[in-house]
Amino acid sequence: MKFYLISLLRPHIATLQPYTSARDEYTGKIGVFLDANENPYGSITDQDFNRYPDPYQSDLKTEISKIKEVPADQIFLGNGSDEAIDLLFRAFCNPGKDNVILLPPTYGMYEVSASINDVAIRKVPLTSDFQMQPEKVFAAVDDQTKIIFICSPNNPSANKLKRDDIIQVLENFKGIVVVDEAYIDFSDEPSFTTQLEQYPNLLVMQTFSKAWGLASLRLGMAFGSKEIIAILNRIKPPYNISGLTQDTVLASLKNYDKVKSMTQEILEEREFLKNELSKLPFVQKIHPSHANFLLVKIPNAMKVYQDLIEQKIIVRNRAKVLLCEDCLRISVGTRAENEAFLENLKKVTSKSV
Ligand SMILES: *Cc1c(COP(=O)(O)O)cnc(C)c1O
């Protein structure tokens, strides 16, 4: 299989003249900066936010590159992974003409983003144990299929997809294969970032929103070939990552050990939650989890969900989602939160189940 990135691109993107920021012509840090209409006196806060941030996020990428073992020019940073998803549609999918393949049940943003961009969706459902069916995926592909979105570990099913199936797609599909690894830190599966050299059509997405505990800062990563990353960088809004986010994440990268210890704690709590739930007679199924949440099947899940809300316990209702009938998605909390959830679950189910 030969991969021709240029033939996948929307024609006007291939010839696009990107925005050049005021700081492109002079990259020194010292100088009299009268080029960007900033406030020279500083900010109205204690911290100085008056200068535009680095549009290339160079310092941050250098450090992320070391941790992830991916060269800086193969890293894209977005305002959450959601920005990378949107930019992929805008770069590769002609509205009203091209299509993408989704594997439901999966992350809702792929479909929302496709719809916003007026891109058709072809759905190839996972099996009842939430695995991909590569031959059905290939049957759904046509000349207009630009992207296949694979989420592993998958949201909301929590399991990882078989590596061999993903590789089969990478080897046989001529478009872009997104492997969304938002939950990779909670899995024993190695990241697909180690296979970027082999597969020029691979784009791996990760995020600082989950294991790193930085959801509010909005920082998502995409790893791919230099060529794909260059395209995303050309079409992104120039200052898509705020200076506050860049500085805070840069400083936090030194605390990678803390990420590991928090992740370990979450995994232990996931085990606790799973064990406690398995003792409850009305729980019909706890799906295997490689993520920081559990998908749990309970009779009358809709009613249980509502009753839990009345107790101010908020879980994600997936009861109406394909293959997740009567399921709730429960994020792993602290021990106190997990106990509060379990206690209230017992209470509301004694009435409604
Ligand atoms: C949470 C999540 C993300 C992260 O999105 P951000 O925009 O980076 O916060 C990405 N993909 C999946 C499947 C997720 O569940």
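Each ligand, and each atom within it, is numbered from 1 in the order the structure gives.
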**Q** Tell me whether the rings of Phe186 and Tyr183 are parallel (<30°), tilted (30 to 60°) or perpendicular (>60°).
**A** tilted
**Q** Is the Tyr110 ring parallel, tilted or perpendicular to the Phe149 ring (thresholds 30°, 60°)?
**A** parallel
**Q** Distance under 4.0 Å to a non-hydrogen atom of Asp180: what atoms of ligand 1 satisfy this?
**A** 10 (C), 11 (N), 12 (C), 13 (C)
**Q** I'd like to know if Ala215 contacts ligand 1, where contact means a heavy-atom distance under 4.0 Å to any ligand atom.
**A** no
**Q** To check you understand the geometry: which heavy-atom pair defines the closest contact between Thr334 and Glu269, and what is its length?
**A** C-OE1, 4.1 Å
**Q** Would you check if Phe76 and Asn240 make a side-chain contact, meaning some heavy-atom pair closer than 4.5 Å?
**A** yes
**Q** Need the ligand 1 atom indices (1-based, order shown) with element for anything under 4.0 Å from a heavy-atom of Cys151.
**A** 13 (C)
**Q** For side-chain hydrogen bond (donor to acceptor under 3.5 Å, both in side chains), just list the numbers for Asp24 and Tyr56, CA-CA rounded to whole Å, side-chain angles, deciding distance to a tenth of an Å, and then say yes or no.
**A** CA-CA 10 Å; Asp24 280 336; Tyr56 307 109; 2.3 Å; yes
**Q** So, Asp35 and Tyr52: side-chain donor and acceptor under 3.5 Å apart, yes or no?
**A** no
**Q** Short list, please: which atoms of ligand 1 are under 4.0 Å from a heavy atom of Ala182?
**A** 2 (C), 3 (C), 10 (C), 11 (N), 12 (C), 14 (C)
**Q** Would you say ligand 1 has an N or O under 3.5 Å from any N or O of Arg218?
**A** yes
**Q** Check ligand 1 against Gly80 and write out every atom of the ligand that is under 4.0 Å from a heavy-atom position of the residue.
**A** 6 (P), 7 (O), 8 (O)
**Q** So, does Tyr183 sit close enough to ligand 1 that a heavy atom of it is under 4.0 Å from the ligand?
**A** yes
**Q** Is there a polar contact, in the sense of an N or O pair closer than 3.5 Å, between Ser209 and ligand 1?
**A** yes
**Q** For atom 14 (C) of ligand 1, grab the closest protein heavy atom and report residue, atom and distance to one decimal in Å.
**A** Lys210 NZ, 3.2 Å
**Q** Tell me whether the rings of Trp212 and Tyr256 are parallel (<30°), tilted (30 to 60°) or perpendicular (>60°).
**A** parallel
